[in-house]
Amino acid sequence: MPTPGVTTSARFSLELGLASLARLDLVRLAGPVLDDLCERLGETVALAMWGNHGATCVRWVEAGGPVTVTLRTGVVLPLTASATGLAFAAFYRSPYLRRMLDNEVLAMAEVRNATPTALLEALTVRLDEIRRRGIARASGSFNPGINGFSAPVFDHTGHMVAAITSLGIIGSFDLDWDSPMAQSTRDAAATLSRRLGHGSVDSSGEKQLAPARASL
């Protein structure tokens, strides 16, 4: 029911403002979590959120060692070829994301001279494993020589709102599912999720985590 005395444009402006404040609050709350994860791992870490063009890096912390991985704020990560993108593909809910998955699968099929159906089946298996593990991983797909883990961050409603990603050089960054790298990244995402109210009494949790599916 419309609020008395509030026009449609005013309500839209209010909703837009509240959404912007929520995003700023998430980035603010993520700061100490990212700093702690970077210090613990000695690797570059980042926070990504869903933007107009897809999974977008909104903040990153560089480890500052002799060999480090660098990112750009605002860079958009592919859904099928990056740990961050795979985390969103597995856990985020959006019709636009499904369309993006379709487009990436079609482009990949053309490059690899493979059928979209076969690639989609392989991707489905991969996303199912990511959901079971609670974390995504990628090796050298988006950035040659770089390994990465990415874990979803959920808000108080149980919806994914961000991803925390850790990145390191192949050979020194352990990509085993049960490695300290993986566990620390999962723990950091869980910490930020709790600070956003996930797991509270009125959180509906996994019941709302309907996974995105490509429609090819």
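Numbers for residues simply follow the sequence, beginning at 1.
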Original post:
Would you call the rings of W50 and F88 parallel, tilted or perpendicular, where under 30° means parallel and over 60° means perpendicular?
Top reply: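 The rings of W50 and F88 sit tilted, inter-plane angle from 30° to 60°.
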
Is the side chain of [X] donor-acceptor paired with the backbone N or O of [Y] at a distance under 3.5 Å, no angle test?
X	Y	value
S150	A136	no
T56	G54	yes
R131	A90	yes

Give the minimum heavy-atom separation between [X] and [Y], together with the two atoms involved.
X	Y	answer
L47	A162	CD1-CB, 3.8 Å
V45	C38	CG2-CB, 3.8 Å
T80	M108	OG1-CE, 3.4 Å
I135	R186	CG2-NH1, 3.1 Å
L196	L29	CD2-CD1, 3.7 Å
F91	M160	CB-SD, 3.5 Å

Student check: side-chain heavy atoms of [X] and [Y] closer than 4.5 Å:
X	Y	answer
L101	L123	yes
L175	F149	yes
S166	F173	yes
M181	L41	yes
E39	V61	no
T191	R195	yes

Original post:
Should L34 and V58 be regarded as members of a common hydrophobic cluster, given that ILVMFWY residues are connected when their side-chain heavy atoms come within less than 4.5 Å of each other, either directly or indirectly?
Top reply: yes

Original post:
Linking I/L/V/M/F/W/Y whenever their side-chain heavy atoms sit closer than 4.5 Å, directly or via other members, would W177 and I170 fall into one cluster?
Top reply: no

**OP:** Please name all residues satisfying side-chain hydrogen bond (donor to acceptor under 3.5 Å, both in side chains) with R99, sequence neighbours left out, ordered by chain then number.
**Re:**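 Per chain and number, R99 pairs via side-chain hydrogen bond (donor to acceptor under 3.5 Å, both in side chains) with no residue.
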
Subject >> side-chain contact (heavy atoms from CB on, under 4.5 Å) between L127 and I130, intermediate numbers included >> reply: CA-CA 5 Å; L127 295 181; I130 289 169; 4.1 Å; yes

Could you state the interatomic distance from [atom1] ([X]) to [atom2] ([Y]), rounded to the nearest 0.5 Å?
X	Y	atom1	atom2	result
E43	S184	CD	OG	11.0 Å
L26	L192	CG	CG	5.5 Å
R59	I164	CZ	CD1	11.0 Å
D155	D25	CG	CG	11.5 Å
E104	L97	CD	CG	9.0 Å
H198	H159	NE2	NE2	11.5 Å

**OP:** Might you confirm whether atom CG of D176 has over 12 heavy atoms from other residues, nucleotides or ligands at distances under 6.0 Å?
**Re:** yes

**OP:** Show the numbers, then the answer: is there a side-chain contact (heavy atoms from CB on, under 4.5 Å) between R132 and D128?
**Re:** CA-CA 6 Å; R132 288 197 306 273; D128 285 343; 4.1 Å; yes

Subject >> Check against side-chain contact (heavy atoms from CB on, under 4.5 Å), T165 and W60 >> reply: CA-CA 9 Å; T165 302; W60 63 283; over 6 Å; no

